[in-house]
Colleague: 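The structure follows.
In what follows, chains are A, B, ... by sequence order, proteins preceding strands, each numbered from 1. Owing to the predicted nature of the structure, the values given are computational and were not obtained by experimental measurement.
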Amino acid sequence: MHKSHTSGELRRDHIGQTVKLAGWVNRRRDHGGLIFIDLRDRWGVTQVVSDPESAAAAHELLNTVRNEFVLQVTGVVRERPEGQTNENLSTGEIELVATDVKILNASKTPPFEINEDSNVDEKVRLKYRYLDLRRERMRRNLVLRSEVTTYIRNYLANEGFIEVETPILFKTTPEGARDYLVPSRVHPGKFYALPQSPQQLKQMLMVAGVEKYFQIARCFRDEDQRGDRQPEFTQLDMEMSFVERDDVTQLLEDLMTNMIEEVCDKPIMQKPWPRITYADAMDRFGEDRPDLRFEMYLKDVTAICRDTGFKVFDGAPMVKGINAEGCGATYSRKQIDALTKFVQQHGAKGLAWLRIDEDGYKSSFAKFLSEEKIGEMVAALDGKPGDLLLFIADKAEVANDVLARLRKRFGVELGLADPNVLACCWVIDFPMFMWNEDETRWDPSHHLFTSPMPDSIPLLDTDPGAAVGSQYDMVINGYETAGGSIRIHNRALQEKVFKLIGLEDDVAQERFGHMLEAFEYGTPPHGGIAPGIDRLVMLLAGEPNIREVIAFPKSQQATDIMAGAPSVVEDHQLVELHVGILDEDE
RNA sequence: GGCCCGGUGGUGUAGCGGUUAACAUGCCGCCCUGUCAAGGCGGAGAGCGCGGGUUCAAAUCCCGUCCGGGCCGCCA
């Protein structure tokens, strides 16, 4: 080893010992006759000091080093002089007096500061990701991520789970997201697909009698990027046999609660986690992934708004509102106009607003309504002087969606959503299907293998829209961080669901015949869930996007800026794969 | 596919029709034995993503394009 200790571990106890450290020059402070080097490695920083008298050669060499040089320093641990300790440093009570210095490697001046948390263009950070990862923020995130996965592995191993790897080269499933395809060399014209998740494979493991499976699995979806979406991402994929919904949610809730309290100092807002039905979530939050860190519930005032004589309200299927408390006093007309623009961008026709003053109202719509109706609306939203009430009148989907976005916007803008708290909850009782207007058929609201709740099985024949699925989502601070369900384990039921979502028999057979057949060989009841590791670590780390918790993320256009992927390939490689490139100029 | 924001020394920013393109930091040199974002003095470093246009004059205005980011669509 090039070092005997790390740069984070030397303390008073080591005083007098001769040790060897190796790491990077974090900072150099040259006093002429005396040079200080902050030597950094993954574990911390230790101050090295040159002694020009007893170690002239070492001093000379330290004269020539610069930031990010890689050094090996041999020296004696010494107590710092009276009044010279550094309380910001875990090693701040001691320093290493260099007796011998070796430059293990020099470094060019880095393109940005490694030793401070300065803002740097993402382009530059991603191009030099190996330098970006040296910085404290990224180092901390890498460590946190490792702690999360290590904790999960140990916990699940203790619970009797086994980790099984599943193929990366698998089969296309066109009913999901767009697949990444890999051409087959030995089968001209045929393609593997990278898995969007190991869904089918983990169910096959249940057929295989594994009973308790997990995997830290890489998943691939060829869709456009967002701050919380990358083309490849990581899930804790889990599946269990002989379980019901509450067994799965209980296990995951225990795992997550213990894990979070072990690796993260953010408190969990409520334990046990609230369980919210889909209907309740839509009613109070307008969405199925509510941010529970603050209230500002949506209030349905449709009934009040009937027969008002105001066309916008009378004609709308739904009128719903929120109370931005205190904003009546603080929001300017210009800010309200910005909110109007915001809701229009998301599909609402307009924003009806009402400011409550001490002596009356200021409003975009009050003049069209009776004093009495306005009083009822204000009462419904608990409005008081200084408040700003905002209403959307539209189809239920639009009113809910837009108000949910407004609510989340206020959560940030008004500082209602405490970034240091984790509000975890379960959303349950999802509808089994969502009506797809464009294709005039039912779409599964989770995926095609989700079982209906036992009571809902008869509804598949009579009223599919009313059927409740066994799906459960784990939501943290408004992010969907896991989704799972109890699966169908019966061929006839699976075929019925395929039929309902418009999968022709022969297509179902071609794509999922292996599963249907497997269900005929003693498949146990089973279910599972898959938390997204990237989002989870992002929330624990308090980062604004998942790129910050992925060592080598892709850009928004799905490229690797450091290596330059994707790239052109040699013609002979294409020939081997029986692949040609279309000329798309026309 | 669409909308929005951004691209100016190595890095982060200012400048938004006429400037010697400014500031901070980093970098280089000299001085300096107790600093820890060390300090002092001096210096080098960009012609403003790229291409075209308007203008007497463009980093500043217009068009196109590339790149990064946010969002809509998309994400069973």
Colleague: May I ask you to say whether Asp337(A) pairs ionically with Lys334(A), meaning some side-chain N is under 4.0 Å from a carboxylate O?
Modeller: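 Salt bridge flag = no for Lys334(A) with Asp337(A).
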Colleague: Is it the case that the side chains of Thr523(A) and His489(A) hold a donor-acceptor pair, with the cut-off being a distance below 3.5 Å and no angle test?
Modeller: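 No, no side-chain donor-acceptor pair sits under 3.5 Å.
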Colleague: Look through every strand shown and name the nucleotide pairing with A59(B) as Watson-Crick or G-U wobble, where both distances are under 3.5 Å.
Modeller: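 Matched A59(B) with nothing under the 3.5 Å cut-off.
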Colleague: So that I can tick it off, tell me whether Arg226(A) and Asp224(A) are bridged by a salt bridge, with the cut-off set at under 4.0 angstrom between side-chain N and carboxylate O.
Modeller: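 Answer for the salt bridge query: no.
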Colleague: May I ask you to decide if the ring planes of Tyr472(A) and Trp426(A) are parallel, tilted or perpendicular, using 30° and 60° as cut-offs?
Modeller: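 Judged by the thresholds at 30° and 60°, the geometry between Tyr472(A) and Trp426(A) is perpendicular.
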Colleague: Under 4.0 angstrom, heavy atoms only, what part of the nucleic acid is Gln557(A) near: base, sugar-phosphate, or nothing?
Modeller: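 The answer is sugar-phosphate, as Gln557(A) gets under 4.0 Å only of primed atoms, P, OP1 or OP2.
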Colleague: Do Gln215(A) and Thr166(A) have a side chain donor and acceptor closer than 3.5 Å?
Modeller: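 Looking only at side-chain atoms, Thr166(A) and Gln215(A) do form a donor-acceptor pair, the distance falling under 3.5 Å.
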Colleague: Does G68(B) sit syn or anti, given that only angles within 90° of 0 count as syn?
Modeller: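 Anti conformation for G68(B).
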Colleague: Which is true for Glu82(A) with a 4.0 Å heavy-atom rule: it touches a base, it touches only sugar-phosphate, or it touches nothing?
Modeller: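 Since no nucleic acid heavy atom lies under 4.0 Å of Glu82(A), the category is nothing.
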Colleague: Heavy atoms only, 4.0 Å cut-off, all strands: where does Arg27(A) land among base, sugar-phosphate and nothing?
Modeller: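 Touches sugar-phosphate only.
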Colleague: For Thr559(A), answer base if it contacts any base atom (sugar-phosphate contacts may also be present), sugar-phosphate if it contacts only those atoms, and nothing otherwise; contact means non-hydrogen atoms under 4.0 Å.
Modeller: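 Sugar-phosphate contact only.
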Colleague: Does the plane of the ring in Tyr278(A) sit parallel, tilted or perpendicular to the ring in Phe430(A)? Use 30° and 60° as the thresholds.
Modeller: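 Rings of Tyr278(A) and Phe430(A): tilted, 30 to 60°.
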Colleague: Does A38(B) have OP1 or OP2 under 4.0 Å away from a side-chain N or O of Arg29(A)?
Modeller: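 It does, given that an N or O in the side chain of Arg29(A) lies less than 4.0 Å from OP1 or OP2 of A38(B).
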Colleague: Can Phe112(A) be said to stack with the base of U11(B), given centres closer than 5.5 angstrom and planes under 30 degrees apart?
Modeller: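 It does not: the two rings, one from Phe112(A) and one from U11(B), miss the stacking criterion.
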Colleague: Looking at every strand, decide which applies to Asn67(A) at a 4.0 Å heavy-atom threshold: base, sugar-phosphate, or nothing.
Modeller: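 If one applies the 4.0 Å heavy-atom cut-off, Asn67(A) turns out to touch the sugar-phosphate alone, with no base involved.
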Colleague: Parallel, tilted or perpendicular for Tyr128(A) and Phe112(A), by the 30°/60° rule?
Modeller: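 It falls in the perpendicular class, over 60°.
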Colleague: Strictly under 4.0 angstrom, non-hydrogen atoms only: write out the protein contact profile of nucleotides 70-76 of chain B, one letter per nucleotide from the 5' end, B, S or -.
Modeller: BSBBBBB
Colleague: When all nucleic acid strands are considered with a 4.0 Å heavy-atom cut-off, which category describes Thr109(A): base, sugar-phosphate, or nothing?
Modeller: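 Here Thr109(A) touches the backbone only, sparing every base.
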Colleague: Does U65(B) pair with anything, Watson-Crick or G-U wobble, both distances under 3.5 Å, and if so, with which nucleotide?
Modeller: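 When the pairing criteria are applied, G49(B) turns out to be the nucleotide that pairs with U65(B).
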Colleague: Contact class for Glu87(A) vs. all strands (heavy atom < 4.0 Å): base, sugar-phosphate, or nothing?
Modeller: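 Contact class for Glu87(A): none.
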Colleague: Need one value for Leu89(A): base, sugar-phosphate or nothing, where a base atom within 4.0 Å counts as base even if backbone is also close, heavy atoms only.
Modeller: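 No contact.
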